[in-house]
Structures are given as C-alpha cells and as structure tokens.
Amino acid sequence: MSKKTPQAIRGTQDIFGADAEAFAFVVETFERVRRLYRFRRVEMPVFEKTEVFARSLGETTDVVSKEMYSFDDRGGESLTLRPEFTAGIARAFLTNGWQQYAPLKVATHGPLFRYERPQKGRYRQFHQIDAEVIGAAEPQADVELLAMADQLLKELGINDVTLHLNTLGDGASREAWRGALVEYFRAVAGELSEESQERLEKNPLRILDSKDPRDKPFLADAPKIDAFLSEEASAFFAAVTSGLDAAGVKWVRAESLVRGLDYYRHTAFEFIPDEGSASAAALGSQSTVLGGGRYDGLMESLGGAPTPAVGWAAGIERLAMLVGAREEERLEAMVLVEDDAGLGAAIALLADLRNGGVIAEIMATGSPKKRYDKAVKQQPQHILRVNATGYYGISGEGPTDRIVAALNKTSSPRT
RNA sequence: GCGAUCGUAGCUCAGUUGGUUAGAGCGCCGGUUUGUGGUACCGGAGGUCGGGGGUUCGAGCCCCCUCGGUCGCCCCA
C-alpha cells in the first residue's frame, strides 16, 4: 500500500456489499421484533464519564481494567468510549428521571469499543443490539426478554443455537456461593492453572468454565449454586423456567454459566451454538451470540435507588455471520443512454422511474459501444434504451407493469 | 497480554536450491469483431513484492525489528 494512505485502525471494519446487507438484515429484524414486544427505542451517547463503566462493571473486570478506550478530554475529564450498553442506559435512567416510566422496556443498537486482540467475531469496534427492562422485579420480565431473544433468532433463521440458563441467586446467595468456591479451590490452588489461580482472587466464578485440563478434574465436585440459593431465589428461578416452558422457549440448565461483569444477579443466560452445528463452525472460538441477565444491583452502584432490571445484548457481527451473506436488491430498470444527445431525456426518465418506486440506474459513461455490455453486467430486469430522440424501447424478462406504471405517472409522456 | 501463521497488481494467486527488464486469471481502460440479455480476439494502464534494517557480488525468496490480517489462549457479544 502507498505510504501516504493511513491504514484503518486495528480491529475496525469497513463492511460492504453482501456483508453489509447481512448486518442491515439483523438490525431491521431486531427493530421489527422489538416493536412486537413494545420495547421503546432509545439512542445513547457513545461516550460517558469513565466512572459510569468503572463503577458498574467492577474495577477488577477485564473490561474495565484493560479493555476500555479511556481518555481525558480538553477539560481534563476522564471519558470512555462505551464498552457496553447497560451501564449507560442505567445512568440515563437515573439522570433523566425515567423512573416515572418504570417498568421501562427499551431497545437500542450501535457501536461499542473494547481494546482486545482482534479475532474472528471479535473486533475493537463492534456492534450490538440491546434490550433492557428496568424497574421490573418479577420473573415475568426475564421470560419476556428471553422470549423476544428467542423469536429474534428464529426470525433471523438461526435455529441451531440454544439458550443456556443459570441463576446466580440474589446478592446473599451469590456471596455465599462465591465464598464456598474460594474455599474449595484454594485447597487445591497449587494444582490449578496459573490463570485460575489468578481468577481465584479476582473472579472465582470464572474458574467454573475454564477449559484448562489442569482445572477440569476439580470442576465437577465444586460447590453448586443450587445449594446456596435462598428460598426466594429458587422460587424466582423456578418461575423463570416455567415461564419459558409456557412461552415455548427451549433452554438447558448450565450450572457453570457465569457472567463476567459484577452487576449480575439471579438469571444469567447465553445463547450458544449447538455443538458441531453450522453456527458453531461459523463463529470460530467465540461461542456466545447473545447474552445477558438480571442486574438488580447496578443502580445502587451508580448512586440510585435499588432498582431491579434485566437485559441482554447480542453482537451484530456474530449474528450476521450466522445469517450469512445476503444479496443486494436486484436492479429493476437500467436506463441505457446509447447516444449522449439523449442524456436529458434519460435523466428525466430515470427520475420518473425512481419517483414511481422502481429501483433504477443509468448507464451513460464510457465507450458508447461498451455501454450495453456494462449495463447487462449489472443484471437489470429490464433495459430501457434511450437514443438521440429519447426513450424508444424496453427489453428484458418478466412483467413490465411496475415500470409502465411509474412512467405513466409523469405528466409529459415520452416514447 | 501470550502463542501460531500469513502479508507479491483493485481481487484471487503463481514465482523453482537467492541470479537479468516480477507473472497469470478476473476486474478496469482502449480498439477490432459481434449486433441486443453476460460474444471473441488484440492492446493498455496498474506492483519501490506491507514498512524499516541486515547478510550477500546479487534478496520477493535468508536473518532481525515493526505494522497489519487470520487462527487459538484469555475475555466477551
């Protein structure tokens, strides 16, 4: 490449053509489904004060400790490009007094930023669709949210992923379980992988889904969350699962499923491609396509009143990979200018077609003798030929009704 | 942050044990032909072989550094 052309930033993408169509398809489908469930559209800032994320995600999480794009603005304030949606939405909920709309169902989508090593299905600027229910303590909110996720995936044509579901219990259950896990793993700490020894201090729950062979022998007998669940927490989880059954959402229990961010409580879930499926192959080493959970403790960490909430997010790029490349819309009418003297007439014709809702293009450049070939290569359904005297003929396949209708709308007929 | 692997025209790639002016297909531009649903043929433009340094009489091929892609670990969506 030329020395003078700056390169794109590592981990960013320039999405084009069939891939861009797949991306748009994911977003359009999400927009449609979200309306069915009456989730309200919100637009959020791309950056926030650093503390919005640092306080809600947890200082020791990888995202906060080494993956955020943080910088001081010209006023000396530390700002951060959003690494996720939930914290910003929670902040907006508090600062805008959205409590008045509770329970509030909102949906959004857009770019997120995380300083990670790029990989298949993982980028530094990536995009998510996101749905949150804020101010709803009842398990029905979890069920509705998961039903929406399930329907979205089906409408995208993704049928080989399954909902993996777990509960982390309420705050007390979670802490008790965590304590028991630390105690259990500390006894065998010397035999664990280096990573898990580190996780023992920072995030012991994560040891449970370690892939390291040195850790695996200890995982099966590790303390289970079920033993620590309070009566309320069990009842909550039971209500979620029976609700899912009633809604026809298939799920499997994943006892070792935990989430990386500190704010999660109760329900935690991920939609994961089935082993050996086409989707699993398409995603490479990234397994989660949609994930989320309940975050009843988050509002307090931002200084708000205790407010129950649930939400999920899904990577648009990952969904687009599962959807596969999509065709761009077919060209209906190509206006072929065979003689430049007819250019004015051709432009008028083109305007009529487009005003009439016909997907149309014009071919009027290059060697006159090759224009026809170039027009044909774009595979239009019809070619409208224009010479010095104006529009004089149409050729092509299939009905011309739409084109004729568009042309009839004009007050000054040309033929 | 760690590991592996790759980096030659716009795209997909070939380039023999290091050896003259670095090639092909597609695409692009032009011409001839054809003459109306992707004709055929001819020609042309386009590469300081990702960048920098080194070894050598000589480097696209070897060594070092660096940037980037890909894949895995980690993390996550």
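By convention in this document, chain letters (A, B, ...) are assigned in the order of the sequence lines, proteins followed by strands, and residues within each chain are numbered from 1.
Distance noted for atom P between B/A45 and B/G10: 15 Å (whole Å). Remark: the separation of the C1' atoms in B/U20 and B/U33 is 39 Å, to the nearest Å. Nucleotides B/C29 and B/G35 have their P atoms positioned 24 Å apart, rounded to a whole Å. Remark: the separation of the C1' atoms in B/G47 and B/C13 is 14 Å, to the nearest Å. Nucleotides B/C61 and B/C6, compared at atom P, are 14 Å apart to the nearest Å. B/A77 and B/C2 are spaced 24 Å apart, taking the P atom of each and rounding to whole Å. Going from the P atom of B/G68 to that of B/G50 covers 16 Å, rounded to whole Å. Comparing the C1' positions of B/C49 and B/C76 gives an interatomic distance of 38 Å, to the nearest angstrom.
Side-chain N or O atoms of A/Asn166 include one that pairs as donor or acceptor with a backbone N or O of A/Leu257 at under 3.5 Å. In this structure, A/Arg330 contributes its side chain and A/Gln379 its backbone to a donor-acceptor pair below 3.5 Å. Between the side chain of A/Arg371 and the backbone N or O of A/Ala364 there is at least one donor-acceptor pair closer than 3.5 Å.
Comparing B/C75, B/U70, B/G38 by their nearest atom to the side chain of A/Glu116 picks out B/C75. Closest approach to the A/Arg122 side chain among B/G38, B/C71, B/C74 is made by B/C74 (side chain taken as heavy atoms from C-beta onward). Of the candidates B/A77, B/C73, B/G1, B/G1 carries the atom nearest the A/Tyr115 side chain, counting heavy atoms from C-beta on.
Taking a pair to require two hydrogen-bonding distances under 3.5 Å in either a Watson-Crick or a G-U wobble arrangement, B/G38 remains unpaired. When Watson-Crick and G-U wobble pairs are counted only if both distances are under 3.5 Å, B/C28 pairs with B/G44. Pair assignment for B/A22: none, as no Watson-Crick or G-U wobble contacts are both less than 3.5 Å. For B/G7, the paired nucleotide is B/C67, the pair qualifying as Watson-Crick or G-U wobble because both relevant distances are below 3.5 Å. Taking a pair to require two hydrogen-bonding distances under 3.5 Å in either a Watson-Crick or a G-U wobble arrangement, B/A59 remains unpaired. In this structure, B/C49 forms no base pair with any nucleotide, since neither Watson-Crick nor G-U wobble geometry is met with both distances under 3.5 Å. The pairing partner recorded for B/G72 is B/C2, the criterion being a Watson-Crick or G-U wobble arrangement whose two distances lie under 3.5 angstrom.
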Going through the distances and angles, do A/Ser242 and A/Asp245 end up as a side-chain hydrogen bond (donor to acceptor under 3.5 Å, both in side chains)? CA-CA 5 Å; A/Ser242 65; A/Asp245 292 339; over 6 Å; no
List the steps, then state whether ring pair (Phe, Tyr, Trp, His ring centres under 6.0 Å) holds for A/Tyr115 with A/Tyr69. CA-CA 7 Å; A/Tyr115 190 87; A/Tyr69 277 94; 5.7 Å; yes
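Heavy atoms of A/Gly11 sit under 4.0 angstrom from primed sugar atoms or phosphate atoms, though from no base atom. Across all strands, A/Arg318 comes closer than 4.0 Å to base atoms (heavy-atom distances). At a threshold of 4.0 angstrom between heavy atoms, the contacts of A/Gly396 include nucleobase atoms, whether or not backbone atoms are also involved. Contacts of A/Arg199 with the nucleic acid, taken as non-hydrogen atoms under 4.0 Å apart, involve only primed sugar atoms and P, OP1 or OP2. Residue A/His109 is out of contact with every strand shown, counting any heavy-atom pair closer than 4.0 Å. When heavy atoms are screened at a 4.0 angstrom cut-off, A/Glu67 is found touching the sugar-phosphate backbone but no base atom. Residue contacts for A/Thr61: at a heavy-atom cut-off of 4.0 Å it reaches no nucleic acid atom on any strand shown. Contacts of A/Leu319 with the nucleic acid, taken as non-hydrogen atoms under 4.0 Å apart, are absent. Residue-level contact check: A/Phe85 touches neither bases nor backbone, having no heavy atom under 4.0 Å from any strand. Contacts of A/Gln381 with the nucleic acid, taken as non-hydrogen atoms under 4.0 Å apart, include base atoms.
Rounded to whole angstrom, the span from the CG atom of A/Asp209 across to the C1' atom of B/C75 amounts to 10 Å. In this entry the distance linking CZ of A/Arg124 with P of B/C75 reads 18 Å, nearest Å. Between the CD atom of A/Gln286 and the P atom of B/C74 there is a distance of 11 Å, given to the nearest Å. Remark: P of B/C11 and CG of A/Asp14 are 13 Å apart, rounded to the nearest angstrom. When rounded to the nearest whole Å, the span between OH of A/Tyr123 and P of B/G68 equals 16 Å. A/Glu270 places its CD atom 12 Å from the P atom of B/C75, with the value rounded to the nearest Å. Atoms CG (A/Asp212) and P (B/C74) sit 8 Å apart, rounded to a whole Å.
Contact between the side-chain N/O atoms of A/Ser285 and the OP1/OP2 oxygens of B/C71 is not found at any separation under 4.0 Å. Proximity of A/Lys120 to the phosphate of B/C71: a side-chain N or O atom is located under 4.0 Å from OP1 or OP2. Between A/Arg114 and B/C75, a side-chain N or O to OP1/OP2 separation shorter than 4.0 Å is absent. Not one side-chain nitrogen or oxygen of A/Gln7 sits closer than 4.0 Å to the OP1 or OP2 atom of B/G50. Taking only side-chain nitrogens and oxygens, A/Lys211 comes nearer than 4.0 Å to OP1 or OP2 of B/C74.
Where A/Gln119 and A/Arg206 each meet RNA chain B at their nearest nucleotide, the meeting point lying more 5' is that of A/Gln119. Between A/Gly315 and A/Asp373, it is A/Asp373 whose nearest contact on RNA chain B lies nearer the 5' terminus.
A side-chain hydrogen bond (donor to acceptor under 3.5 Å, both in side chains) with A/His109 is found for exactly one of A/His127, A/Gln128, A/Arg41, namely A/Arg41. For the side-chain contact (heavy atoms from CB on, under 4.5 Å) test with A/Arg114, the passing option among A/Gln125, A/Glu84, A/Arg124, A/Arg82 is A/Glu84; the others fail. The only member of A/Leu319, A/Leu152, A/Ile158 that meets side-chain contact (heavy atoms from CB on, under 4.5 Å) when paired with A/Val26 is A/Leu319.
A/Tyr101 OH: 12 or fewer foreign heavy atoms inside a 6.0 Å radius.
In terms of heavy-atom proximity, A/Pro223 sits nearest to A/Trp177 at O-NE1, 3.0 Å.
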Footprint string (nucleotides 27-36 of chain B, 5' to 3'): B base within contact, S backbone only, - free, heavy atoms under 4.0 Å: -SSBBS---B
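At least one side-chain heavy atom of A/Trp251 sits under 4.5 Å from a side-chain heavy atom of A/Thr241.
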